[in-house]
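Source: prediction; values computed, not measured.
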Amino acid sequence: MKVNAIKDVFFDLDHTLWDFDKNSALAFEVILKERHPLVNRAAFIEAYIPINQSCWKLFQYNKITHEELRYNRLKYSFDALGYPVTDQEIDCISAQYIELLPENNHLFDGAVEILDYLKSKYRLHIITNGFAAVQYKKMHKAQLISYFTTITNSEMAGVKKPNPVIFEYALQLAKAKKESSIMIGDSLDADVQGALDSGLDAIYFNEAIATFPTNIKQITHLLQLKNYL
């Protein structure tokens, strides 16, 4: 069912357009092969994915700092494998990871096609909790910059999704109205509920096919956005 009267479409970046898990795995393949060749890379990456998500959720609600996020997600992943690593080495890996991560540019299937389709119909925007410099590099390397009229990140707004302040900030930056705006993202709480609580409509990108409330609009593939927009 088409959503009427939409003029501005806001996207999350990581896990929605930019395939974080795939690009992250590629960065760790390089780092671990070079620095810790004895580590089972597949096992490390499997451990890292949920640990990183848990750490981001804590960061999202200001329960850990930026520095703790970057340290904990690596320390807990090595701990899960029973592999000892020093704090100094974690700092080195963290820095290398942040440098390598944006060099990979895999997007979710259908991302470019749907952005081409939407660009001719709506003004497109990004709202991300990611760090400004890293997110800009990701978008630049993946050739996404030209699709978006505005890019709002949590550093600019001073708060993170789902805080309504970041949505208000993004709307003001975009010169958009709540009643003619919609948010698309992979996080039910940060993207979807955050947008709904702020007065925007929302669509859940349920690529993992997780259970979700039946009253929420959802897609499992980006091209399904054509059913709504």
Side-chain angles (χ1 to χ4, degrees), residues 2-20 53 56-63 65-66 69 102 107-108 111-112 114-207 212 216-219 222 224-225 228-229:
K2 296 287 185 180
V3 182
N4 296 323
I6 296 297
K7 295 181 179 178
D8 292 89
V9 178
F10 293 83
F11 278 93
D12 178 43
L13 181 61
D14 292 337
H15 303 284
T16 301
L17 294 170
W18 198 81
D19 193 338
F20 182 93
Q53 291 174 346
W56 266 101
K57 182 153 286 193
L58 292 172
F59 178 69
Q60 176 181 302
Y61 288 101
N62 298 314
K63 294 182 178 179
T65 65
H66 176 190
L69 163 68
L107 303 175
F108 280 101
V112 171
I114 199 62
L115 290 174
D116 284 335
Y117 167 82
L118 295 172
K119 180 71 171 175
S120 64
K121 298 173 180 289
Y122 309 96
R123 295 195 308 160
L124 307 182
H125 314 274
I126 290 285
I127 308 178
T128 174
N129 282 351
F131 307 113
V134 177
Q135 299 301 74
Y136 179 81
K137 287 179 183 177
K138 290 175 183 176
M139 294 183 68
H140 176 71
K141 290 285 187 180
Q143 300 181 349
L144 292 177
I145 296 288
S146 63
Y147 288 103
F148 297 98
T149 304
T150 66
I151 301 169
T152 296
N153 63 67
S154 55
E155 290 174 271
M156 297 162 60
V159 296
K160 310 170 195 75
K161 296 176 291 182
N163 191 310
V165 171
I166 193 171
F167 292 98
E168 293 287 350
Y169 184 100
L171 288 165
Q172 290 178 17
L173 185 64
K175 296 181 173 58
K177 296 181 179 180
K178 293 178 182 180
E179 58 269 22
S180 59
S181 298
I182 195 165
M183 177 74 197
I184 299 155
D186 72 291
S187 172
L188 272 174
D189 56 348
D191 298 315
V192 176
Q193 198 59 52
L196 293 172
D197 290 345
S198 300
L200 291 76
D201 203 350
I203 298 173
Y204 174 38
F205 178 44
N206 188 12
E207 192 265 342
F212 69 102
I216 298 291
K217 298 181 184 72
Q218 71 114 17
I219 58 171
L222 288 173
Q224 292 172 357
L225 286 172
Y228 293 103
L229 298 169

Determine whether Leu200 and Leu171 satisfy the following criterion, side chain to side chain contact (heavy atoms under 4.5 Å, CB included), listing intermediate values before the conclusion. CA-CA 10 Å; Leu200 291 76; Leu171 288 165; 3.9 Å; yes

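- Atom CG of residue Asn153 and atom CG of residue Leu13 lie 10.5 Å apart, to the nearest 0.5 angstrom.
- The two residues Thr152 and Tyr169 make their nearest non-hydrogen contact at CG2-CD2, 3.7 Å.
- Ile184 pairs with exactly one of Ile114, Leu229, Leu17, Leu124 by the side-chain contact (heavy atoms from CB on, under 4.5 Å) rule, that one being Leu229.
- In this view, Lys177 satisfies the salt bridge (Lys or Arg N to Asp or Glu O under 4.0 Å) rule with no residue, not counting sequence neighbours.
- Residues forming a side chain to side chain contact (heavy atoms under 4.5 Å, CB included) with Lys137 (at least two apart in sequence, or on another chain): Pro102.
- Interatomic distance, CZ of Phe20 versus CD of Gln53, reported as 9.0 Å (0.5 Å rounding).
- Evaluation of the salt bridge (Lys or Arg N to Asp or Glu O under 4.0 Å) test over residues 193-207, restricted to residues two or more places apart or in two chains, returns Asp201-Lys217.
- Pairing each heavy atom of Ser154 with each of Ile166, the nearest pair is CA-CD1, 3.9 Å.
- The distance from the NZ atom of Lys119 to the CZ atom of Phe148 is 8.5 Å, given to the nearest 0.5 Å.
- In this model, a donor atom of one side chain and an acceptor atom of the other lie less than 3.5 Å apart for Lys138 and Gln135.
- Residues Ala195 and Ala202 approach most closely at CB-CB, 4.1 Å, considering heavy atoms.
- Here the two rings, on Trp56 and Phe131, have centers that are under 6.0 Å apart.
- The minimum heavy-atom distance between Tyr136 and Ile145, with the atom names listed, is CE1-CD1, 3.7 Å.
- For Asp14 against Trp18, the heavy-atom pair with the smallest separation is OD1-CE3, 3.4 Å.
- When every heavy atom of Gly194 is checked against every heavy atom of Ser198, the shortest pair comes out as O-OG, 2.8 Å.
- In this structure, CG on Leu196 lies 5.0 Å from CD1 on Ile216, to the nearest 0.5 angstrom.
- Between Leu107 and Leu144 there is a side-chain heavy-atom pair separated by less than 4.5 Å.
- Residue pairs that meet the salt bridge (Lys or Arg N to Asp or Glu O under 4.0 Å) test with at least one member in residues 146-167, sequence neighbours left out, are Asp12-Lys161, Lys161-Asp191.
- Residues that satisfy the side chain to side chain contact (heavy atoms under 4.5 Å, CB included) test with Asp116, not counting sequence neighbours, are Val112, Tyr147.
- No more than 12 heavy atoms of other residues, nucleotides or ligands shown are found within 6.0 angstrom of NZ on Lys175.
- The CG atom of Asn163 sits 8.5 Å away from the CG atom of Asn62 when rounded to the nearest 0.5 Å.
- Atom OG of Ser181 and atom NE2 of His125 lie 6.5 Å apart (nearest 0.5 Å).
- Between the side chain of Arg123 and the main chain of Thr149, no donor-acceptor pair closer than 3.5 Å is present.
- Using a 4.5 Å heavy-atom cutoff, the side chains of Phe205 and Leu225 are not in contact.
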Applying side chain to side chain contact (heavy atoms under 4.5 Å, CB included) to Phe11 and Leu118, what does each step give before you reach the verdict? CA-CA 12 Å; Phe11 278 93; Leu118 295 172; 3.7 Å; yes

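- For Lys121, the side-chain hydrogen bond (donor to acceptor under 3.5 Å, both in side chains) test picks out no residue, with sequence neighbours left out.
- Distance alone, capped at 3.5 Å, places no donor-acceptor pair between the Thr16 side chain and the Gly185 backbone.
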